Q: 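Shown below is the structure under consideration.
Worth saying up front: this structure is predicted, and the values here are computed from it rather than measured. Side chains are part of it too, since the values below use all heavy atoms of this structure and drop only hydrogens, waters and symmetry mates.
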Amino acid sequence: DYRGKTPKKLGLDWSEKGKYKALSAKSVKTGGLVNEEQINLGNEELYKAWMKDEVEYNDILLTSEAPMGEVIIWKSEEKIILSQRLFAIRVKENISPDYMYYYFISKTFQSELLARSSGTTVVGIKQTELLKTNVILPESPDEQKEIASILSSFDKKIELLKEQNHTLETMAQTIFKEWFVDFNYPNATVEMIDSEMGEIPKGWRVGRIGDEFDITIGRTPPRQESQWFSEVPQGMKWASIKDMGNAGVYIFNTSEYIVDEAIVKFNIPIIPENTTILSFKMTVGKASITTEKMLSNEAIAHMKIKKDSYLTSEYIYLFLLNLNFNTLGSTSSIVTAINTAIIKKIRFLIPDEF
């Protein structure tokens with residue numbers, strides 16, 4: 001942990017021509033590096049002055065705060081600089097680094113990290129507390145490796161499925177635009193009629209989101225009252241725009257939970273399973289579909305399917321992905337926010353029941 005070190009204190013500076021990446025907590029997300037375009041670079045002089053010990057292949061990197069508990073295993077011979085809020089952990093002989101990686105990302109270890117952490121606005125763990133954490137470790141190195149191998153095979157399968165999902169989503173968006181935006185149907189002659197949105201297929205109609213869905217928005221308990229929030233599973237998942245950005249079509253995971261008492265006390269709207277949600281403040285236009293009952297902050301609108309409606313969450317999700325939100329307001333204001341009144345007035349095409 002090179003806490004407190006900066007190039008300035010060493011009489012040096014970052015260099016665009018440097019070859020050594022300086023990783024910090026903002027560079028590390030469990031499973032791999034993120035924000036790589038923002039990683040500082042250090043030259044040979046800075047590297048030698050900074051690093052009293054070198055990060056080696058199979059060392060484990062763990063973020064200490066902002067955010068705390070993100071983990072990667074360094075599977076590279078590339079030399080790096082440990083920058084801010086980042087621990088490097090090297091396992092001893094006869095201990096599998098791959099097993100330790102999976103243990104560090106487990107709920108058991110992450111819960112202990114949280115219990116030993118300190119801070120209110122920014123939660124973090126000190127090196128002295130990290131050294132006190134417990135490790136559940138099979139004595140046999142072979143058993144450690146077998147456990148890690150099984151978990152690694154699941155990870156590879158998950159990554160493959162993510163790639164397949166991305167391909168299928170791209171295909172779905174392409175087909176949706178071709179059929180429901182451009183009206184190019186394969187091997188079919190479609191009779192068109194005039195409407196307020198121009199020519200549309202006969203039997204279709206134009207509706208408004210506020211008429212076809214029940215619209216609610218999320219709510220946030222007072223941030224200064226930390227007892228309402230949890231980073232470990234308790235209460236109900238609470239979605240943010242960042243969580244939506246990390247999700248695909250469907251949102252499974254959130255970085256925070258709201259405890260049950262807060263849900264009742266602050267009357268936080270519960271989003272039903274299979275509901276399309278849309279960000280409409282700061283980052284406008286991100287959409288996902290819930291996989292279970294969830295909550296959200298006030299920058300996210302929920303489009304609940306009405307009883308007896310034949311519309312689907314997937315249909316409105318694909319429509320929103322193809323919507324140019326800049327047409328809903330002035331260029332200067334749309335960058336930061338629209339509002340629920342604007343969302344409710346959004347017109348969209350509704351096909352025959354299918």
Q: Walk me through it: do Glu298 and Thr220 pass the test side-chain hydrogen bond (donor to acceptor under 3.5 Å, both in side chains)?
A: CA-CA 7 Å; Glu298 58 277 5; Thr220 303; 2.5 Å; yes
Q: Looking only at atom types and distance, does a side-chain atom of Asp59 sit under 3.5 Å from a main-chain N or O of Glu56, one as donor and one as acceptor?
A: yes
Q: Mind checking the CH2-CG spacing from Trp228 to Asp260? Nearest 0.5 Å is all I need.
A: 11.5 Å
Q: Students often mix this up, so state it plainly: with edges at 30° and 60°, are the rings of Phe109 and Phe104 parallel, tilted or perpendicular?
A: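 Tilted, since the angle between the ring planes falls between 30° and 60°.
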Q: According to a 4.5 Å side-chain heavy-atom criterion applied to Ile, Leu, Val, Met, Phe, Trp and Tyr, with indirect links allowed, do Leu160 and Ile158 form part of one hydrophobic cluster?
A: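 Different hydrophobic clusters.
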Q: Run the ring-centre check on Trp14 versus Trp50 and record whether the distance is less than 6.0 Å.
A: yes
Q: Measure across Ile270 and Lys304 and return the closest heavy-atom pair with its distance rounded to 0.1 Å.
A: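 What the structure gives for the nearest pair is O-NZ, 3.8 Å.
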Q: Is it true that, when you exclude Lys79 itself, more than 12 heavy atoms of the residues, nucleotides or ligands shown sit nearer than 6.0 Å to its NZ?
A: yes
Q: Taking the basic N atoms (NZ, or NE/NH1/NH2) and the acidic carboxylate oxygens, is any pair closer than 4.0 Å for Arg205 and Glu212?
A: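 Salt bridge between Arg205 and Glu212, a charged N being under 4.0 Å from a carboxylate O: yes.
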Q: Using distance alone, with no hydrogens and no angle criterion, decide if Asn322 and Gln173 have a side-chain donor and acceptor under 3.5 Å apart.
A: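 Side chains of Asn322 and Gln173: no pair found under 3.5 Å.
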Q: Using every non-hydrogen atom in the two residues, find where Val55 and Ala88 come nearest and quote the distance to one decimal.
A: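 Minimum heavy-atom separation between Val55 and Ala88: CG2-CB, 4.4 Å.
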Q: Go through it in stages, so that I can follow the logic: the residues are Glu54 and Tyr47, the test is side-chain hydrogen bond (donor to acceptor under 3.5 Å, both in side chains), and I'd like the CA-CA distance, side-chain angles, deciding distance and then a yes or no.
A: CA-CA 9 Å; Glu54 295 185 329; Tyr47 179 81; 3.1 Å; yes
Q: Does any N or O in the side chain of Ser111 come within less than 3.5 Å of the main-chain N or O of Thr108, such that one atom is a donor and the other an acceptor?
A: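 Looks like no, no N/O pair under 3.5 Å.
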Q: Do Asp155 and Tyr102 pair up side chain to side chain, a donor and an acceptor below 3.5 Å, judged on atom types alone?
A: yes
Q: Please determine which of Leu295, Thr290, Ile251, Thr276 meets the side-chain contact (heavy atoms from CB on, under 4.5 Å) test together with Ile271.
A: Thr290
Q: Are Glu70 and Lys29 close enough for a salt bridge, meaning some N to O gap below 4.0 Å?
A: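 Yes, this pair counts.
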Q: Can you tell me if Arg85 uses its side chain to pair, donor with acceptor, with the backbone of Ser24 under 3.5 Å?
A: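 Checking the backbone N and O of Ser24 against the side chain of Arg85, no donor-acceptor pair under 3.5 Å is found.
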Q: Would you kindly say whether Glu78 and Tyr20 are connected by a side-chain donor-acceptor distance under 3.5 Å?
A: no
Q: Less than 4.0 angstrom from a charged side-chain N to a carboxylate O is my criterion; do Lys21 and Glu36 meet it?
A: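 Salt bridge between Lys21 and Glu36, a charged N being under 4.0 Å from a carboxylate O: yes.
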Q: Using a strict threshold of under 4.0 Å (side-chain N to carboxylate O), is an ion pair present between Lys156 and Glu159?
A: no
Q: Supply the atom-to-atom distance Lys286 NZ to Phe280 CZ, rounded to the nearest 0.5 angstrom.
A: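 Here the interatomic distance stands at 16.0 Å.
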Q: Report the C-alpha distance between Ile350 and Val206 in whole Å, list the side-chain angles of each, state the deciding distance to 0.1 Å, and finish with yes or no for side chain to side chain contact (heavy atoms under 4.5 Å, CB included).
A: CA-CA 6 Å; Ile350 302 174; Val206 177; over 6 Å; no
Q: Treating Thr170 as the side-chain partner and His166 as the backbone partner, does any N or O pair qualify as donor plus acceptor under 3.5 Å?
A: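 Yes, the answer is positive, given that a donor and an acceptor are paired below the 3.5 Å cut-off.
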Q: Side chains of His302 and Thr216: any donor to acceptor distance under 3.5 Å?
A: yes
Q: Count the heavy atoms of every other residue, nucleotide or ligand shown that sit under 6.0 Å from CD of Glu178, and state whether that count exceeds 12.
A: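 Correct, the count exceeds 12.
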Q: Look at Lys126 together with Glu129 and state whether they make a salt bridge at an N to O cut-off of under 4.0 Å.
A: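 Glu129 and Lys126: not salt-bridged.
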Q: State whether Lys177 and Asp182 are salt-bridged, where the test is any N-O pair (Lys NZ or Arg NE/NH1/NH2 against Asp/Glu carboxylate O) under 4.0 Å.
A: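 Salt bridge flag = yes for Asp182 with Lys177.
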Q: Is the positively charged end of Arg223 above the ring of Phe229, judged by distance under 6.0 angstrom from the centroid and angle within 45° of the axis?
A: yes
Q: The test is side-chain hydrogen bond (donor to acceptor under 3.5 Å, both in side chains); show your working for Asn58 and Lys75 and say whether it passes.
A: CA-CA 5 Å; Asn58 271 339; Lys75 295 285 188 181; 2.7 Å; yes
Q: Determine, for Asp53 against Arg90, whether the closest basic-nitrogen to carboxylate-oxygen distance falls under 4.0 angstrom.
A: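 Judged by the 4.0 Å cut-off on N to carboxylate O distance, Asp53 and Arg90 do form a salt bridge.
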Q: Using side chain to side chain contact (heavy atoms under 4.5 Å, CB included), reason through Ile346 and Arg208 one step at a time and then give a plain yes or no.
A: CA-CA 5 Å; Ile346 293 174; Arg208 296 184 183 273; over 6 Å; no
Q: Ignoring hydrogens and angles, tell me if any N or O in the side chain of Gln110 forms a donor-acceptor pair with the backbone of Gly69 under 3.5 Å.
A: yes
Q: Can you name the nearest heavy-atom pair linking Ala239 to Ile300, along with the distance?
A: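 Heavy atoms only, the tightest pair is O-CD1, 3.7 Å.
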Q: Under 3.5 Å, is there a donor-acceptor pair between the Tyr103 and Gln144 side chains?
A: no
Q: Would a hydrophobic clustering, with Ile, Leu, Val, Met, Phe, Trp and Tyr connected at side-chain separations under 4.5 Å, put Val181 with Leu349?
A: yes
Q: Kindly indicate, with the supporting measurements, whether the criterion side chain to side chain contact (heavy atoms under 4.5 Å, CB included) is fulfilled by Leu23 and Ser83.
A: CA-CA 5 Å; Leu23 302 189; Ser83 186; 5.8 Å; no
Q: What verdict does the side chain to side chain contact (heavy atoms under 4.5 Å, CB included) test give for Asp194 and Glu199, after you've listed the backbone C-alpha separation in whole Å, the side-chain angles of each residue and the deciding distance to 0.1 Å?
A: CA-CA 4 Å; Asp194 286 328; Glu199 286 193 333; 3.4 Å; yes
Q: Just wondering, more than 12 heavy atoms not from Glu93 lying within 6.0 Å of its CD?
A: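 Result for CD/Glu93: open.
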Q: With a 3.5 Å distance limit and no angle check, can you tell me whether Asp243 reaches the backbone of Ser240 through a side-chain donor-acceptor pair?
A: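 Answer holds: yes.
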Q: Which of parallel (below 30°), tilted (30 to 60°) and perpendicular (above 60°) describes Phe180 and Tyr315?
A: perpendicular
